[in-house]
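Notes to accompany the following structure.
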Amino acid sequence: MTVITRFAPSPTGFLHIGGARTALFSWLYARRHGGRFVLRIEDTDLERSTPEAINAILEGMSWLGLDYDDGPFYQTHRFDRYKEVLDQMLADGTAYRCYCSRERLDALRAGQIEAKVKARYDGRCRDLDAPPTGDDVSDQPVIRFRQPREGHTVVHDQVKGNVVFDNHELDDLIIARGDGTPTYNFVVVVDDMDMKVSHVIRGDDHLNNSARQSNILQALGVEPPVYAHVPMILDEEGKKLSKRTGAANVMEFRDAGYLPEAMINYLVRLGWAHGDQEIFSLDEMVELFDVADINHSASSINPSKLDWLNQHYIKTLPVAYVARHLAWHLGAIGLDPAAEGAPDIETLVQAQAERSRTLVEMAQNSRFFYEAPQSYDEKAGRKHLCGAEDTLEALYHALSLVEHWTAESAHQAVLGVAEEHDLKLGKVAQPLRVAVAGGPVSPPIDITLALLGRDATLSRIKSAIAWAKAQVEA
RNA sequence: GCUCCCAUCGUCUAGCGGUUAGGACGCUGCCCUCUCAAGGCGGAAACCGGGGUUCAAGUCCCCGUGGGAGCACCA
């Protein structure tokens with residue numbers, strides 16, 4: 001049997017982190033077993049589905065690198081097929097028309113909630129011979145699935161184990177609306193059947209649906225797929241993820257400076273583990289992933305661990321690759337990585353990698369390589385610039401004599417000044433750092449100077465001296 | 001309310017009857033150091049409660065408790 005998994009989002013919003021993880025698990029499972037991964041857009045809700053959302057989902061998948069073998073299929077393109085199955089079910093009696101008006105249904109539900117029993121359809125139209133008449137009858141009948149009333153249905157779930165439902169708990173759900181359009185629980189079943197989906201990996205909020213879907217499949221004479229219901233992802237407070245409680249949209253993570261590799265690695269470890277291993281390449285994940293190792297309980301998102309992973313990938317992925325991503329973020333904050341006099345971006349990445357948890361942080365902390373500081377960090381300026389005029393003059397002199405401008409030669413020049421003035425290196429490097437970077441933080445001073453180039457270095461030292469003198473007068 | 005799912009450090013997790021309950025993030029002490037980091041070596045930190053089963057229970061069973069999901073002409 002070939003393994004076929006699917007990711008079936010409804011296009012009513014962006015690709016959120018929970019969806020991304022289910023997609024990843026499904027993708028990994030298919031890859032692991034040499035199977036196929038299909039993407040299906042569940043857009044039967046005409047009112048809420050939007051083309052923007054479809055694009056957002058596709059964009060998210062592509063950013064994460066989750067490619068699909070088949071699709072995207074759109075359910076709205078398959079209405080003829082659904083109609084066909086519906087007719088067949090009506091004909092063989094596994095489905096029936098229900099004429100109850102919405103008003104009657106609403107009243108029924110309200111009464112059941114009042115009586116503290118599970119809200120469900122009472123089956124009034126289940127065994128009708130002819131359409132009824134009366135005030136509470138709709139002229140646009142819906143179609144309901146005739147759920148077995150006896151016995152029980154067991155969902156053989158790969159992560160939860162066997163979950164048993166009494167059939168009388170399941171109600172006769174609506175599979176086609178009054179306007180004839182099919183509903184979710186029905187189209188899912190038809191699609192999974194037609195697309196020969198072998199393994200359904202989805203959020204455990206669908207666990208209750210699986211019994212109903214199994215029964216529809218059975219009515220259609222088809223074996224249900226293997227189910228694996230993965231637990232939810234919660235926010236930092238352990239609450240359900242929402243737009244309010246932090247970034248749930250995967251594209252927001254890109255914008256916040258995370259690499260897709262970090263995101264994928266983070267996601268795979270949320271609810272899944274392989275012993276103590278934390279870092280997984282894509283190949284390793286494909287090799288090791290198994291639904292049997294998926295956790296049973298919900299997990300909270302842990303942003304600082306994502307940060308750690310992101311920095312790990314910033315430090316270990318090929319420099320040219322990271323540089324490409326950094327360039328994008330530099331552009332996003334108005335810096336031109338290709339500008340005249342701009343630092344070599346790969347060297348920059350190497351210099352900043354170990355002090356950047358995100359690419360946004362790296363871009364922001366690299367601003368001074370592209371623009372002279374507009375002002376000095378107040379505390380750092382006072383502490384390291386004021387009173388350091390002589391040191392800065394000496395540095396200016398020594399550095400202006402450097403012939404081949406490299407980290408090594410800059411280092412020698414700075415070291416020379418320190419020895420000459422009988423100062424510890426810190427006493428020389430720190431004023432210099434503030435002068436060129438505008439603040440107390442930068443990569444090692446020699447690398448910073450090399451990246452900056454001679455002209456920028458010298459002119460910034462000059463500005464800093466002028467500033468320090470002006471402070472004395474003021 | 002009814003049905004279903006879940007429960008190990010703050011967080012992500014390992015554990016699959018016998019462990020000093022392990023790792024990771026974060027926090028923290030020390031070292032290194034031109035800043036910030038990164039790195040190295042340490043530390044604090046957990047089996048929700050109660051009953052069983054068993055020679056032995058974080059591990060199996062039951063009951064509580066606490067979370068979560070579902071109960072739509074949404075998906």
Side-chain angles (χ1 to χ4, degrees), chain A residues 8-12 42-45 47-49 75 98 100 102 105-106 109 112-120 138 140-144 155 157 159-161 163-166 169-171 173-181 183-185 187-188 203-211 229 231-232 234 236 238-240 266 269-279 295-309 311 315 352-357 365 380 384 411 414-415 418 424-434 437 439-446 448:
Chain A
S10 60
T12 53
E42 310 230 322
D43 55 354
T44 51
D45 185 344
E47 311 227 323
R48 299 198 305 154
S49 300
Q75 293 184 321
C98 170
C100 297
R102 287 176 197 255
L105 263 16
D106 290 345
R109 185 156 41 241
Q112 286 165 331
I113 289 169
E114 179 85 9
K116 300 188 187 305
V117 295
K118 183 167 181 162
R120 55 147 91 71
S138 165
Q140 287 222 302
V142 300
I143 300 175
R144 289 184 185 271
V155 175
D157 192 88
V159 354
K160 310 279 187 187
V163 183
V164 183
F165 295 88
D166 277 327
E169 288 294 337
L170 277 20
D171 72 354
L173 75 213
I174 292 173
I175 56 178
R177 302 179 180 90
D179 65 4
T181 57
T183 62
Y184 170 74
N185 277 295
V187 293
V188 160
D204 69 7
D205 49 338
H206 286 280
L207 185 52
N208 288 285
N209 285 328
S210 295
H229 287 93
M232 306 274 85
L234 277 18
E236 289 168 76
K239 299 286 181 215
K240 192 177 179 182
Y266 181 72
R269 282 288 289 104
L270 212 51
W272 176 83
H274 181 258
D276 286 339
Q277 189 171 346
E278 296 288 351
I279 306 292
N295 263 265
H296 296 188
S297 52
S299 40
S300 292
I301 192 162
N302 180 186
S304 55
K305 187 156 186 176
L306 208 211
D307 282 347
W308 172 74
L309 274 167
Q311 179 163 42
K315 289 192 295 184
Q352 297 278 227
E354 58 194 30
R355 66 207 91 235
S356 307
R357 288 174 309 171
N365 291 339
H384 299 292
H411 181 71
V414 175
L415 211 53
K424 289 175 76 172
L425 186 55
K427 286 287 178 195
V428 178
Q430 202 57 3
L432 179 53
R433 170 170 287 116
V434 177
V441 175
S442 88
I445 196 66
D446 50 349
T448 299

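Note on naming: letters A, B, ... go to the chains in the order of the sequence lines (proteins, then strands), and numbering restarts at 1 for each one.
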Which letters describe nucleotides 63-75 of chain B, given B = protein heavy atom under 4.0 Å from base, S = only from sugar-phosphate, - = neither? -----SBBBSBBB
Determine the Euclidean distance between corresponding [atom1] atoms of [M] and [N]; express it in Å to zero decimal places.
N: C27(B); M: U11(B); atom1: P; answer: 16 Å
N: G67(B); M: G22(B); atom1: P; answer: 30 Å
N: G51(B); M: A46(B); atom1: P; answer: 22 Å
N: G50(B); M: U65(B); atom1: P; answer: 15 Å
N: G70(B); M: A38(B); atom1: P; answer: 40 Å
N: C48(B); M: G66(B); atom1: C1'; answer: 8 Å

Do the non-hydrogen side-chain atoms of D45(A) and T12(A) ever get within less than 4.5 Å of each other?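 A side-chain contact under 4.5 Å is absent here.
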For the residue pair D204(A) and K160(A), establish whether any side-chain heavy-atom pair is separated by less than 4.5 Å.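 Result yes, sub-4.5 Å side-chain heavy-atom pair found.
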If pairing requires Watson-Crick or G-U wobble contacts with both distances under 3.5 Å, which nucleotide is the partner of [N]?
N: A45(B); value: none
N: C4(B); value: G68(B)
N: C9(B); value: none
N: U33(B); value: none
N: U20(B); value: none

Check for a donor-acceptor pair, side chain of E42(A) on one end and backbone N or O of Q75(A) on the other, with a separation under 3.5 Å. no
Mark yes or no for whether T448(A), through its side chain, and P443(A), through its backbone, hold a donor-acceptor pair below 3.5 Å. yes
With heavy atoms under 4.0 Å as the rule, sort [X] into base, sugar-phosphate or nothing.
X: E169(A); value: sugar-phosphate
X: G271(A); value: sugar-phosphate
X: D446(A); value: base
X: P231(A); value: nothing
X: S304(A); value: sugar-phosphate

Between F165(A) and A429(A), just flag the one whose closest nucleotide in RNA chain B comes earlier from the 5' side.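 Of the two residues, F165(A) wins.
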Heavy-atom nearest nucleotide on RNA chain B taken for S297(A) and for R433(A); more 5' hit belongs to S297(A)
Rounded to whole angstrom units, what separation is found between the [atom1] atom of [X] and the [atom2] atom of [N]?
X: W308(A); N: A38(B); atom1: CH2; atom2: P; result: 12 Å
X: D307(A); N: A38(B); atom1: CG; atom2: P; result: 11 Å
X: E278(A); N: U13(B); atom1: CD; atom2: C1'; result: 7 Å
X: H384(A); N: C36(B); atom1: NE2; atom2: C1'; result: 11 Å
X: R355(A); N: U33(B); atom1: CZ; atom2: P; result: 16 Å
X: D276(A); N: U8(B); atom1: CG; atom2: P; result: 17 Å
X: H274(A); N: A14(B); atom1: NE2; atom2: P; result: 11 Å
X: R357(A); N: C36(B); atom1: CZ; atom2: P; result: 16 Å

Does any donor-acceptor pair link the side chain of Q277(A) with the base of G23(B) at a separation under 3.5 Å?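 By the distance-only test, no, there is no pair.
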Can you check whether any acceptor in the base of C12(B) is under 3.5 Å from a donor in the side chain of K305(A), or vice versa?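 Such a pair is found, so the answer is yes.
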Are side-chain N/O atoms of T183(A) and N185(A) paired as donor and acceptor at under 3.5 Å? no
Consider only side-chain N and O atoms of R433(A) and S442(A), and report whether a donor and an acceptor are under 3.5 Å apart. yes
From A7(B), C36(B), C34(B), nucleotide with atom closest to L425(A) side chain: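 Among A7(B), C36(B), C34(B), the one nearest the side chain of L425(A) is C34(B).
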Nearest-0.5 Å distance that lies between atom NZ in K427(A) and atom NE2 in H384(A): 8.0 Å
So which pairs with a foot in residues 298-307 of chain A pass salt bridge (charged side-chain N to carboxylate O under 4.0 Å, His left out), sequence neighbours left out?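 Salt bridge (charged side-chain N to carboxylate O under 4.0 Å, His left out) check on residues 298-307 of chain A returns E278(A)-K305(A), D307(A)-R357(A).
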Just to confirm, is there a sub-4.0 Å distance from OP1 or OP2 of U13(B) to any side-chain nitrogen or oxygen of S299(A)?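 For U13(B), OP1/OP2 do have a side-chain N/O of S299(A) under 4.0 Å.
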Can you tell me if the side-chain N/O atoms of K424(A) get under 4.0 Å from OP1 or OP2 in U33(B)?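 Checking U33(B) against K424(A), no side-chain N or O comes under 4.0 Å of OP1 or OP2.
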For Y184(A), ring pair (Phe, Tyr, Trp, His ring centres under 6.0 Å) partners two or more places apart: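 Per chain and number, Y184(A) pairs via ring pair (Phe, Tyr, Trp, His ring centres under 6.0 Å) with H206(A).
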